[in-house]
Enquirer: 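Just dropping this structure here.
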Protein chains: 2
Amino acid sequence: MTSGRRPTLEAVAARAGVGRGTVSRVINGSPKVSPEAREAVLRAIDELGYVPNRAARALVTRRTDTVALFVSESEERVFGEPYFAGIIRGISAGLADTGLQLLLVIAQSEDEHARFERYLTGQHVDGVLLISLHGGDPLPLHLEENGVPTVLGGKPVGVVPVSCVDADNRGGARQAVEHLIGLGRRRIGTITGPQDMQVGVDRLNGYHDALTAAGLTGPIVHGDFSEESGERGMLELLAREPELDAVFAASDPMAVGAMRVLKDRGIPIPRQVAVAGFDDSSTARHTDPPLTSVHQPLEAMGREMARLLVARIRGEELERPVVILDTHLVARESSLGSARSGGR
Amino acid sequence: MTSGRRPTLEAVAARAGVGRGTVSRVINGSPKVSPEAREAVLRAIDELGYVPNRAARALVTRRTDTVALFVSESEERVFGEPYFAGIIRGISAGLADTGLQLLLVIAQSEDEHARFERYLTGQHVDGVLLISLHGGDPLPLHLEENGVPTVLGGKPVGVVPVSCVDADNRGGARQAVEHLIGLGRRRIGTITGPQDMQVGVDRLNGYHDALTAAGLTGPIVHGDFSEESGERGMLELLAREPELDAVFAASDPMAVGAMRVLKDRGIPIPRQVAVAGFDDSSTARHTDPPLTSVHQPLEAMGREMARLLVARIRGEELERPVVILDTHLVARESSLGSARSGGR
DNA sequence: CGGGGCGCAGAGAGCGCTCTCTGGCCCGGC
DNA sequence: GCCGGGCCAGAGAGCGCTCTCTGCGCCCCG
């Protein structure tokens, strides 16, 4: 089929009866080409099935037309699957008509993390998308210092990033807790996420916001987003506050863990204790009872990350370098239904 | 930090007091370098923070050190999230110490599918991994014809692939149905996957195998792996076989849909009808009751795909170009517990 | 002590593209 | 009618690397 080797730009030029420069101009959409020449070149490209060689182009332009999605997965609990898949779809969609390719880099250990830092700063990609970043990771800083545009998924703890996209974790958590308060709950505990991640801090703050606004306080225990830490957290909450009538878990898996403990103890959900989670993962719809949870627009977040990165690569000034997308509560049976006090 | 531009191989050679060729040999691990020269080169590389330019190398070697993972997601129902994430992790792990980068290509429409076919056959990647392939997709054939090594995740329907990795869908389905038979069930229906996908066919065959071995028959309805098709399938099964005492759904979402219908009808699970699914997704653990399901080793499958592809890229002969990995049943409450006939 | 062979190093070419610079052609103005 | 300017095309250089080929020096053997 392909005779020996793929056709080069030179071959196209020969066939079209023009010079290499003209072919290059046509390919790159330069206006300085006469209609006849353009026509001839396009026909030759078509006839030869010419595809430009990226390596050769990258060599001279110093752009690779590739961006990396870097996922640090040293602790797999952080890396919830629905989150991952949703974000990736959004990114892929956002990149689709930009001509940029997506390189997926999953660092599963510290070693790999270091190796990839070198790789990414080494002129191999035009930009980097980072998700599930851990507290104080210097990677985004190093990248920017080396002139590699970087967009973060999720706010980093501490530093103000050059550009990042996040869900409104604080607002979402606040909504969830306000929802519980609105249902008449008064002794509302929370199981937090890791406090070295901004997302954990934000969701705790949202919880605080709602309680404070209602003049309430409640017990706080710390988890790490995992189902198992949800179980431990629930046990601790019950020990500290036997009169608990609701719990807000900062992730769905933790909510699932909490619900398991409640069931084991024979505590009816939501009659005695209402439960709300965060993520609105597919699991939330299938728990017993179905879990009230905060939905975040994963695909939109991914798309927005791609948009920001592309703009930065093109050297455009960003009007809003930090984008926070709305979250909303999806109320289900784990909180709805009658509470003990109001019960029939 | 970086003064102007990154150091080139030439700069390293100058600093080490050797020629470019020697530096190249050191980098590529050629044995034909004296220890002293190698030492000097390595020091210079370290001092300069030299990172080879991939584009320049790719241009001359005609290898890109990049493989693509191509996901055709035109119908999103097929592309279950846990499947995706698990496989990717395996692939990433399998590629980790090969120096190959992973390009993620998600074709969300027919247009993109066609565009990427051109891209992938156009010397941009050294090999391609394909997952969730649809019946009769000519892409793998085209790729191989163009000399691009390809490894499939999941057997294609019809043609015998050059190399592919799959789970033992038939065996898994058979195990699940044997399990139901072993529990005393005799009127076992199935909701199949799409029959234009080999995975759908295999799981139906496994169901057949088990029934035939036990001298039974049962009603078959066709679904498309989606939750909604599981609901429809269950309704149809109940209509066709009111005495049904078990159902094997070829995917977890379909099993979930089926369970919803059973619950709506007030049919106790598993007392009257036992349910088994396929995938052992995280959802399976959280349904009510928890779902018996067939587990497939996703990460191992991904790793195996990577291994096969790397071997093919290196031109090694494959001893077993088609790898089928074992599946096993995870029995949970949706099938365990007492059946009607046996009382409690 | 001389010649042949081997092993390591360096010079040169070239991968396929872009980009700059020069040149040719045509048109308009004086 | 001649010259200047604008516009499009092509030639040339060079991006950073690999690979081949030549050459040099050393060692070993006769």
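Only this structure's heavy atoms are used, side chains among them; waters, hydrogens and symmetry mates stay out. Naming convention: chains lettered A, B, ... in sequence-line order (proteins, then strands); numbering from 1 in each chain. Everything numeric here is computed off the predicted structure, so don't read it as measured data.
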Enquirer: So A:His113 and A:Phe70, would you call those rings parallel, tilted or perpendicular, with 30° and 60° as cut-offs?
Expert: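 Ring orientation of A:His113 relative to A:Phe70: perpendicular.
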
Enquirer: Sequence neighbours excluded, which residues qualify as ring pair (Phe, Tyr, Trp, His ring centres under 6.0 Å) partners of A:Tyr119?
Expert: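 Per chain and number, A:Tyr119 pairs via ring pair (Phe, Tyr, Trp, His ring centres under 6.0 Å) with A:His124.
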
Enquirer: Taking only N/O atoms, report every protein-nucleotides 22-25 of chain D pair under 3.5 Å with atom names and distance.
Expert:
none

Enquirer: Taking salt bridge (charged side-chain N to carboxylate O under 4.0 Å, His left out) as the definition, give me every residue that meets it alongside B:Asp65, ordered by chain and number, with sequence neighbours left out.
Expert: B:Arg63

Enquirer: Under the salt bridge (charged side-chain N to carboxylate O under 4.0 Å, His left out) test, which residues partner B:Arg307, sequence neighbours left out?
Expert: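 Expected list: B:Glu304.
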
Enquirer: Report the residues that fulfil salt bridge (charged side-chain N to carboxylate O under 4.0 Å, His left out) with A:Glu47, sequence neighbours left out, ordered by chain and then residue number.
Expert: A:Arg15

Enquirer: Flag the pair B:Leu69 / B:Ile88 as yes when at least one side-chain heavy-atom distance between them is below 4.5 Å, and no otherwise.
Expert: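 With C-beta onward as the side chain, the pair touches.
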
Enquirer: Work out how much the helix from C:dC1-D:dG30 to C:dC30-D:dG1 bends between its end axes, five pairs an end, to the nearest 10 degrees.
Expert: 50°

Enquirer: Pairs under 3.5 angstrom only: tabulate donor-acceptor contacts from the side chains of residues 26-35 of chain B to other protein residues two or more places apart or in another chain.
Expert:
residue : atom : partner : partner atom : Å
B:Asn28 : ND2  : B:Ser24 : O            : 2.8
B:Asn28 : ND2  : B:Ser24 : OG           : 3.4
B:Ser30 : OG   : B:Lys32 : N            : 3.2
B:Ser34 : OG   : B:Ala37 : N            : 3.4

Enquirer: What's the CZ-P distance between A:Arg6 and C:dC15, to the nearest Å?
Expert: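 Going from A:Arg6 (CZ) to C:dC15 (P), I get 17 Å.
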
Enquirer: Within the side chain of A:Arg6, is there an N or O that forms a donor-acceptor pair under 3.5 Å with the backbone of B:Thr121?
Expert: yes

Enquirer: Can you tell me how far P of D:dG16 sits from CG of B:Leu59, to the nearest Å?
Expert: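 Rounded to the whole Å, the gap is 12 Å.
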
Enquirer: Do B:Gln101 and B:Arg54 touch side chain to side chain, with heavy atoms closer than 4.5 Å?
Expert: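 Touching, per the 4.5 Å side-chain cut-off.
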
Enquirer: Between CG of B:Asp137 and CG of B:Leu130, what distance do you get to the nearest 0.5 Å?
Expert: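 Going from the CG atom of B:Asp137 to the CG atom of B:Leu130 covers 7.5 Å.
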
Enquirer: With sequence neighbours excluded, tell me which residues meet salt bridge (charged side-chain N to carboxylate O under 4.0 Å, His left out) with A:Arg118.
Expert: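 Once residues adjacent in sequence are excluded, A:Arg118 has no partner under the salt bridge (charged side-chain N to carboxylate O under 4.0 Å, His left out) criterion.
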
Enquirer: What is the distance, to the nearest angstrom, from the CD atom on A:Glu10 to the C1' atom on C:dC17?
Expert: 10 Å

Enquirer: Provide, to the nearest angstrom, the distance between the CD atom belonging to B:Gln123 and the C1' atom belonging to C:dG16.
Expert: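 In whole Å, C:dG16 C1' lies 9 Å from B:Gln123 CD.
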
Enquirer: Rounded to the nearest Å, what distance is computed from the CG atom of residue B:Asn28 to the C1' atom of nucleotide D:dC19?
Expert: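 My rounded result for the distance is 10 Å.
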
Enquirer: Taking side chain to side chain contact (heavy atoms under 4.5 Å, CB included) as the test, write out the residues that go with A:Glu112, two or more places apart.
Expert: A:Ala107, A:Gln108, A:Ser109, A:Arg115, A:Phe116, B:Ala96

Enquirer: Let me have a per-nucleotide readout for nucleotides 6-14 of chain D, 5' to 3', with B, S or -, counting only protein heavy atoms under 4.0 Å.
Expert: --SBB-BB-

Enquirer: Return the value, rounded to whole Å, for the distance between atom CZ of B:Arg62 and atom C1' of C:dC15.
Expert: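 That distance rounds to 6 Å.
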
Enquirer: Could you give the CZ-to-C1' distance, from B:Arg57 to D:dC19, as a whole number of Å?
Expert: 13 Å

Enquirer: Any side-chain to backbone donor/acceptor pair from B:Ser92 onto B:Gly90? Under 3.5 Å, distance only.
Expert: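 Flag not set: sc B:Ser92 to bb B:Gly90 has no pair under 3.5 Å.
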
Enquirer: Can you name the side chain to side chain contact (heavy atoms under 4.5 Å, CB included) partners of B:Arg314, sequence neighbours left out?
Expert: B:Thr98, B:Val310, B:Glu316

Enquirer: Would you mind reading off the distance between B:Asp65 atom CG and D:dC17 atom P, rounded to a whole angstrom?
Expert: 14 Å

Enquirer: What are the residues of residues 43-54 of chain B, sorted by number, that bring a heavy atom to within less than 4.0 Å of DNA chain C?
Expert: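 Output list: empty, so none.
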
Enquirer: Counting only side-chain nitrogens and oxygens, does B:Ser24 get under 4.0 Å of the OP1 or OP2 atom of D:dT18?
Expert: yes

